[in-house]
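Here's the structure we're looking at; comments come further down.
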2 protein chains.
Amino acid sequence: MAPADSTAANELLAVRAAELYYEENKTQDEIGAILRVTRWKVGRLLAQARERGIIRIEIVHPRARRLALERDLAARFGLKDAVVVPAPGDDTELQARVSEAAADWLVSHRPVPRLLGVSWGRTLHQVADALPSGWSTAVNVVQINGGVSLSKRPGTAAATAVMIAQKAGGQATLLPSPAILERLETKKAIEGDRTVAGVLGMARGASAYLYSAGVADTSSVHVDSGYLTPADITRLVERGAVGDVIGRYITAEGTIADPELDARTLGLGLEELRAAPWSILVIGGEAKHPVARAIVTHGLCSVLVTDEHTARALLDEPDAALTDSATTSREDLS
Amino acid sequence: MAPADSTAANELLAVRAAELYYEENKTQDEIGAILRVTRWKVGRLLAQARERGIIRIEIVHPRARRLALERDLAARFGLKDAVVVPAPGDDTELQARVSEAAADWLVSHRPVPRLLGVSWGRTLHQVADALPSGWSTAVNVVQINGGVSLSKRPGTAAATAVMIAQKAGGQATLLPSPAILERLETKKAIEGDRTVAGVLGMARGASAYLYSAGVADTSSVHVDSGYLTPADITRLVERGAVGDVIGRYITAEGTIADPELDARTLGLGLEELRAAPWSILVIGGEAKHPVARAIVTHGLCSVLVTDEHTARALLDEPDAALTDSATTSREDLS
DNA sequence: ACCCGTTCTGCTCATCTGAGCAGGTCGTGC
DNA sequence: GCACGACCTGCTCAGATGAGCAGAACGGGT
């Protein structure tokens with residue numbers, strides 16, 4: 001190896017070259033004249049400076065993306081696509097950016113889905129909002145899980161689906177049913193209803209699913225909507241639930257946390273999500289890291305739209321194959 | 001003007017183009033294919049992105065410099081040269097970087113000074129330390145103000161000068177005298193001494209001066225060395241002193257704060273500094289902003305080596321000459 | 001002293017990129 | 001309805017840049 005002295009001298013030269021090139025907009029030739037080296041050496045110095053991270057290039061824009069993270073996510077979890085946006089400090093702003101990015105993805109995604117299955121929630125509503133009118137032509141929309149009929153703000157679930165369809169000049173088909181039923185028989189009865197069965201059938205044939213996920217805590221929409229009590233949530237958490245996917249609470253291992261409750265939950269199943277050609281998960285924020293990990297590591301989505309912190313959290317975790325990750329996830333419960 | 005929609009669409013395109021160009025190292029041609037625009041448009045989008053500040057390029061390195069600030073400083077204060085280094089959080093580190101930058105400047109400065117006049121102090125000592133052995137050939141060094149004979153660490157003033165000379169393979173000539181004398185007669189007597197007069201004469205003929213400056217407070221080396229009492233400092237501050245330059249306390253207006261004290265101070269005068277072809281001020285840190293401003297605005301240095309915060313502080317201050325058009329001149333800087 | 005592998009240097013050449021220009025597009029005012 | 005001007009687009013062409021190569025310089029081992 002060359003003596004340390006020459007390395008250090010080169011590094012200093014590289015810094016000077018970088019300053020002149022990037023801050024002063026000089027050509028490599030001019031820089032060569034100033035630093036008394038050939039222009040080829042200037043080129044090499046700049047290449048070194050870039051490699052060593054002396055030059056930091058950042059794209060500062062709310063709509064910027066983190067392509068490197070996207071590539072890593074797709075490779076690590078076998079995703080068809082990933083979208084990662086920079087995370088602002090503000091959590092509300094973060095949700096907005098992630099939703100906007102999801103809307104962007106939908107707009108530019110080809111082929112355009114003939115029929116889009118959607119869930120509902122705050123995130124999905126923001127995605128709908130962010131979609132430009134006429135974002136596509138004749139995309140029909142179908143709900144894939146029960147709505148919020150008990151909600152304090154009734155109709156938001158329906159409004160989301162309708163808005164998405166309307167803006168694409170298509171029709172929305174709503175699932176006229178609560179998300180979770182109190183009794184299994186009721187659920188079966190509703191499921192057996194011709195209309196409901198028809199919608200579910202249509203939903204199963206959708207060419208893409210768009211959904212978000214909730215956290216298993218008392219701030220959940222399910223509690224808010226009256227479908228679950230705080231006590232239900234506590235029980236779910238005791239059973240290892242990290243959050244819900246289209247109404248179904250799952251554990252870190254990607255399994256149903258409470259089969260009895262799940263049986264009373266109306267809508268598409270996890271397997272249908274997993275089997276779909278395009279299942280797009282839109283999720284952002286620190287609180288959702290555990291659910292996001294559960295979904296992504298168990299193949300429940302094929303496209304992930306998220307923020308860079310979530311992306312890094314997912315990538316930092318050693319591979320799920322390691323057994324002791326189970327014990328680790330238990331600690332989350334305490 | 002074009003409709004807002006197209007502007008926004010362009011901005012988004014510009015962001016995508018920037019990502020592909022700077023993060024993915026794609027050519028403008030490839031980007032054009034991806035974004036479905038011509039490669040010329042990609043070039044224009046990138047230019048726009050750069051103009052609008054969407055792309056931020058930063059050089060992260062301890063030896064990096066702030067060339068834009070250097071240019072502004074030189075233009076604003078009529079300096080022959082300026083060196084501005086990025087400021088780390090740590091103040092000790094900052095001093096080290098500024099000193100190192102001063103050493104770098106000396107090493108690469110042409111023509112090499114035949115005789116270099118130096119002051120002393122912590123900063124100067126660090127500069128000496130940072131100089132590489134053999135940084136130049138046959139540069140002789142002469143002290144330009146009295147030393148710290150009363151100091152708790154005697155000899156550091158001498159050591160600084162000697163080290164600088166030694167590393168350049170030259171001779172150091174020391175000024176064998178205290179910095180400030182108690183009585184005017186003593187000062188005159190010493191000044192009249194053949195040796196001292198000879199050194200001072202030599203100092204007046206130096207081709208460059210290298211010095212730092214002290215703050216007018218009780219942490220000053222002069223107090224530490226016993227030349228001044230805290231009470232003296234208080235009196236100086238009352239008279240408007242902001243700090244000392246080669247032992248002489250000056251006000252923000254660039255004038256001698258206390259002529260009586262100044263008369264008892266042995267060494268080069270301010271006028272000699274001002275008249276010198278190369279007078280290099282090495283100064284860094286928040287506390288020294290006022291002295292730095294006094295020196296720089298009154299032409300006492302022709303080369304300034306400092307940190308970016310000090311540089312910005314100097315530049316932010318509206319010009320002393322312009323009273324009401326201060327805001328206008330701010331805009332000019334952008 | 002000599003050889004060999006590694007790194008560095010300056011070069012050619014093909015490619016990439018920005019400046020500048022002619023023609024097209026759009027909105028505006030008469 | 002039409003002409004005008006501002007802006008945008010795609011182009012030519014020259015200058016800037018990176019890949020790849022042959023020879024030089026260097027360091028270490030025998």
Side-chain angles (χ1 to χ4, degrees), chain A residues 1-61 63-64 67-68 71 108 132-134, chain B residues 1-59 61 63-64 67-68 71 107-108 132-134:
Chain A
M1 187 196 281
D5 174 58
S6 120
T7 308
N10 260 357
E11 183 154 325
L12 191 50
L13 268 185
V15 172
R16 296 283 156 264
E19 288 165 351
L20 293 166
Y21 193 73
Y22 288 104
E23 296 185 353
E24 304 290 291
N25 292 317
K26 299 204 179 295
T27 82
Q28 298 187 4
D29 224 352
E30 292 174 295
I31 297 170
I34 295 170
L35 302 181
R36 313 184 166 264
V37 293
T38 59
R39 74 185 178 78
W40 295 283
K41 174 136 190 174
V42 174
R44 285 180 190 123
L45 287 169
L46 288 172
Q48 269 180 44
R50 264 172 257 141
E51 273 168 32
R52 299 195 197 180
I54 290 174
I55 296 161
R56 175 197 231 128
I57 299 182
E58 202 187 349
I59 294 164
V60 277
H61 194 279
R63 308 282 283 265
L67 301 180
R71 225 177 313 107
S108 56
S133 287
Chain B
M1 189 196 281
D5 173 60
S6 121
T7 308
N10 261 355
E11 182 152 326
L12 191 50
L13 268 184
V15 172
R16 297 284 156 263
E19 288 165 352
L20 294 166
Y21 192 74
Y22 288 104
E23 295 185 352
E24 304 289 289
N25 292 317
K26 299 206 179 295
T27 114
Q28 298 188 2
D29 225 353
E30 292 175 295
I31 297 170
I34 295 171
L35 301 182
R36 315 186 163 264
V37 294
T38 60
R39 71 186 179 80
W40 297 284
K41 173 135 191 175
V42 175
R44 283 178 190 127
L45 287 170
L46 289 172
Q48 270 180 44
R50 265 170 256 142
E51 274 167 31
R52 300 195 196 180
I54 290 175
I55 296 161
R56 172 196 235 132
I57 299 181
E58 202 187 349
I59 294 165
H61 195 280
R63 309 281 283 263
L67 302 180
R71 224 175 315 106
V107 169
S108 56
S133 286

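Heavy atoms only: backbone and side chains are in, while hydrogens, waters and symmetry mates are out. Quick note on labels: first sequence line is chain A, next is B, and so on, each numbered from 1.
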Within the structure provided, determine whether [X] and [Y] are in side-chain contact (heavy-atom separation under 4.5 Å).
| X | Y | result |
| --- | --- | --- |
| A:Ile31 | A:Asp29 | no |
| B:Leu13 | B:Arg36 | no |
| A:Arg56 | B:Ile59 | no |

Do B:Arg52 and B:Glu11 meet the salt-bridge criterion of a basic N to acidic O distance under 4.0 Å?
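So B:Glu11 pairs with B:Arg52 through a salt bridge.
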Answer yes or no: is there an ion pair linking A:Arg71 with B:Glu24, defined by an N-O contact shorter than 4.0 Å?
yes
So, B:Glu23 side chain and B:Leu20 main chain: donor-acceptor pair closer than 3.5 Å or not?
no
How close or far is atom [atom2] of [N] from atom [atom1] of [X], stated in whole angstroms?
| X | N | atom1 | atom2 | result |
| --- | --- | --- | --- | --- |
| B:Asn25 | C:dT15 | CG | P | 19 Å |
| B:Lys41 | D:dT9 | NZ | P | 4 Å |
| B:Arg36 | D:dG10 | CZ | P | 14 Å |
| B:Asn10 | D:dT9 | CG | C1' | 12 Å |
| A:Leu13 | C:dT9 | CG | P | 10 Å |

For nucleotides 16-22 of chain C, read 5' to 3', which letter fits each nucleotide if B means a protein heavy atom sits under 4.0 Å from the base, S means only the sugar-phosphate is that close, and - means neither?
SBS-B--
Phosphate-side-chain proximity, B:Thr38 and D:dT9, N/O vs OP1/OP2 below 4.0 Å
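Checking B:Thr38 against D:dT9: no side-chain N or O falls below 4.0 Å of OP1 or OP2.
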